[in-house]
Amino acid sequence: MLTTAYLFFPISLRANLQCRVLSISPANFTISLQKKSSHNKEGQDFRSVGSVLTRSGEYELIWSRLHQFSTCSMDISRSHFSQREHNDENEYKKDDQNDSDMLSSFPKENGWMVKHLYQYESFWFSPAAIRGIKRVQECFNAQPTDFFLATFPKAGTTWFKALIFSITNRARFDFSSHPLLAKSPHDCIPFVESIIQDETSYRDYQISCSPCCLFATHIPYSLLPASVVSSGCKIVYVFRDTKDVFVSTWHYMIKIRPKELPSFPIEDAFDLFCKGVSHCGPFWDHVLDYWKASMENPNKILFIMYEDMKKDPILCLTKLAKFLDRPFTLEEEREGAVQEIARLCGFESLSSLKVNQTGVMHFNSIVVENRHFLRKGQVGDWKNHLTLEMAQLLDEITRQKFAGTSLIETLFVDTIPSTVEA
């Protein structure tokens with residue numbers, strides 16, 4: 001039985017139509033259309049005025065006449081459903097075979113939470129991630145009003161999702177009953193490479209957040225769909241110290257790594273990370289791509305340090321709000337709105353919420369317990385896990401990779417001595 005229908009109309013019609021689903025049955029939709037203005041003359045011909053997206057497929061809505069108050073129905077045969085489902089099944093099988101053929105030609109290495117990672121366009125990904133990236137490149141159309149949070153995995157993604165959602169939606173929600181008190185930050189801002197693989201969820205989200213949609217991504221800058229750059233939508237990129245990123249990544253991966261895979265000691269992970277082999281790695285290339293883009297277009301790409309947000313959240317939140325076209329007013333500053341967001345989204349506050357201690361998130365084929373997303377969030381936690389030699393080697397690689405950039409000054413203000421050759 002059908003339980004959900006989503007209606008989509010061309011932008012040119014949305015301003016003049018109110019639409020309401022009156023009833024849904026397995027073979028029929030009854031829909032009420034009402035003109036909102038006299039712009040469309042009574043009796044004007046309309047063809048292909050929209051579509052209905054159901055759990056069984058998408059179908060065009062066509063009426064020959066639109067009257068001021070009209071109720072129209074559309075009959076859909078069960079054979080149409082069955083044919084669409086059969087076609088989808090064949091397409092999935094075809095995609096799986098194409099993916100297998102494609103991966104066989106890519107370099108591969110041992111994976112962190114999957115058996116193997118594959119090198120695609122100079123970066124390392126799981127098979128599911130490659131499929132997600134290709135889907136985004138083919139199907140996603142960014143709008144100028146969209147905002148993106150881009151991060152390397154475990155560089156502060158969950159925390160910054162909460163911060164950005166709170167800043168951009170502060171006029172909609174009261175702090176005492178805020179969605180973040182009951183929903184994971186990942187429910188509030190989805191990963192574009194995940195949500196786009198479920199057409200129903202993707203379109204539903206677009207409708208709910210229009211005209212300003214928030215998306216997150218781990219996709220390297222060079223692999224983003226062309227529309228993200230051409231549309232002029234804004235991107236916030238969060239950068240975190242290399243050593244803390246590595247330690248946080250390893251802790252996260254061993255928690256969700258399938259039990260049938262062999263153990264994954266930190267030494268093995270370290271060797272792979274230093275070679276650039278990690279999810280969305282090399283880490284340094286990922287960072288540099290976004291840093292260079294931010295230097296070329298600072299009004300559209302904000303490069304922000306994780307450590308700066310930890311050190312001075314009020315200053316960083318003010319800067320972030322201005323970049324997101326949601327600057328704090330003098331009244332908001334006087335009433336403590338910035339401090340309220342800092343409190344609501346404080347790492348300790350978020351991690352202590354029941355929603356972030358229980359439940360799970362589904363990222364396509366991967367299921368992750370919410371408690372694994374927020375571990376410590378401490379600056380310098382690497383000292384509890386890395387030997388001095390390991391830390392020095394990572395710093396030396398970072399110096400070499402970031403040579404000639406301002407990132408060196410940002411990272412190595414307070415550093416350990418450089419004595420190890422990379």
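Computed from a predicted structure; not experimentally measured.
- Remark: Lys292 fails to qualify as a cation-pi partner of Phe303 under the 6.0 Å distance and 45° angle criteria applied to the six-membered ring.
- Annotation: the span from Ile304 atom CD1 to Ser294 atom OG amounts to 12.0 Å, rounded to 0.5 Å.
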(request) Would you please test Tyr290 and Phe239 for side-chain contact (heavy atoms from CB on, under 4.5 Å) and show each step? (result) CA-CA 10 Å; Tyr290 278 98; Phe239 172 50; over 6 Å; no
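- A donor-acceptor pair under 3.5 Å is absent between the side-chain atoms of Arg375 and the main chain of Ser248, judged by distance alone.
- Heavy atoms of other residues, nucleotides or ligands lying less than 6.0 angstrom from NZ of Lys401 number 12 at most.
- Within the 4.5 Å cutoff, no side-chain heavy atoms of Ser278 are placed close to those of Lys154.
- Under the ring-ring contact (aromatic ring centres under 6.0 Å, His included) rule, Phe215 has a single partner from Tyr205, Phe165, Phe191, which is Tyr205.
- A donor-acceptor contact shorter than 3.5 Å links the side chain of Asp146 to the backbone of Gln143.
- Looking at Lys310 and Trp159, their side chains come closer than 4.5 Å, going by heavy atoms from C-beta outward.
- For Tyr237 and His286, the gap between ring centers is short of 6.0 Å.
- Annotation for Lys300: atom NZ counts as buried by contact number, over 12 foreign heavy atoms lying within 6.0 Å.
- If you run ring-ring contact (aromatic ring centres under 6.0 Å, His included) between Phe273 and each of Trp284, Trp250, Trp382, Phe264, only Trp284 comes through.
- A distance-only check finds no donor-acceptor pair linking the side chain of Lys161 to the backbone of Pro185 [under 3.5 Å].
- Using a 4.5 Å heavy-atom cutoff, the side chains of Tyr118 and Met102 are not in contact.
- Taking every heavy atom of both residues into account, Leu344 and Leu350 meet most closely at O-CD2, 3.8 Å.
- In this structure, Lys275 is not positioned above the aromatic face of Trp124 in the sense of NZ or CZ being under 6.0 Å from the six-membered ring centre and within 45° of the axis.
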(message) Working note: Ser126 + His279, criterion side chain to side chain donor-acceptor pair (under 3.5 Å); need CA distance, chi angles, decisive distance, verdict.
(response) CA-CA 7 Å; Ser126 67; His279 290 260; 4.6 Å; no
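- Of the possible polar contacts, one joining the Arg170 side chain to the Ile167 backbone as a donor-acceptor pair under 3.5 Å is found.
- With values rounded to the nearest 0.5 angstrom, His251 atom NE2 is found 6.5 Å from Ile266 atom CD1.
- The line from CZ of Phe152 to CG of Asp285 is 10.0 Å long, rounded to the nearest 0.5 Å.
- Within the 4.5 Å cutoff, the side chain of Phe123 has heavy atoms near those of the Pro282 side chain.
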(message) I'd like to know whether Leu261 forms a side-chain contact (heavy atoms from CB on, under 4.5 Å) with Lys115, so could you lay out the CA-CA distance, the side-chain angles of the two residues, the decisive distance to 0.1 Å, and finally the verdict.
(response) CA-CA 7 Å; Leu261 294 180; Lys115 187 175 182 179; 4.1 Å; yes
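- Remark: side-chain polar atoms of Ser351 are paired, donor with acceptor, to backbone N or O of Glu348 under 3.5 angstrom.
- The ring of Phe270 has its center closer than 6.0 angstrom to the ring center of Phe246.
- Between the Trp112 side chain and the Val277 main chain, a donor and an acceptor come within less than 3.5 Å of each other.
- Checked by atom type and distance alone, the side chain of Glu193 pairs as donor or acceptor with a backbone atom of His218 at under 3.5 Å.
- No side-chain heavy atom of Asp381 sits under 4.5 Å from any side-chain heavy atom of Lys243.
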(message) Using the rule given for side-chain contact (heavy atoms from CB on, under 4.5 Å), can you reason through Phe283 versus Ile397, listing the C-alpha separation, both sets of side-chain angles and the distance that settles it, and then say yes or no?
(response) CA-CA 11 Å; Phe283 165 78; Ile397 295 173; over 6 Å; no
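- Taking 4.0 Å as the cut-off between side-chain N and carboxylate O, Glu340 and Arg343 count as a salt-bridged pair.
- Distance check: Glu121 CD to Leu223 CG gives 6.0 Å after rounding to the nearest 0.5 Å.
- Here the side chains of Tyr120 and Leu103 are not in contact, with every heavy-atom distance at 4.5 Å or above.
- Contact of the Leu214 side chain with the Asn169 side chain is registered, since non-hydrogen atoms from C-beta on lie closer than 4.5 Å.
- A donor-acceptor distance shorter than 3.5 angstrom exists from the side chain of Thr410 to the backbone of Ser406, with no hydrogens or angles considered.
- Taken from CZ in Phe140 to OG in Ser231, the straight-line distance is 7.5 Å, to the nearest 0.5 Å.
- Note on Arg203 versus Glu199: salt bridge recorded, some NZ/NE/NH1/NH2 to OD/OE distance being below 4.0 Å.
- In this structure the side chain of Lys234 never reaches within 4.5 angstrom of the side chain of Leu324, judged on heavy atoms.
- To the nearest 0.5 Å, atoms SG (Cys280) and CD1 (Ile133) are separated by 6.0 Å.
- Thr151 and Val238 get closest at one heavy-atom pair: CG2-CB, 3.8 Å.
- Ser349 contributes no side-chain N or O that, together with a main-chain N or O of Cys345, makes up a donor-acceptor pair within less than 3.5 Å.
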(request) Dump the intermediate steps for side-chain contact (heavy atoms from CB on, under 4.5 Å) on Asp241 and Thr398, then the final yes or no. (result) CA-CA 10 Å; Asp241 178 81; Thr398 301; over 6 Å; no
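- Arg257 places a side-chain N or O within 3.5 Å of a backbone atom of Pro262 that can act as its donor or acceptor partner.
- Atom NZ of Lys383 has 12 or fewer neighbouring heavy atoms from other residues, nucleotides or ligands inside a 6.0 Å radius.
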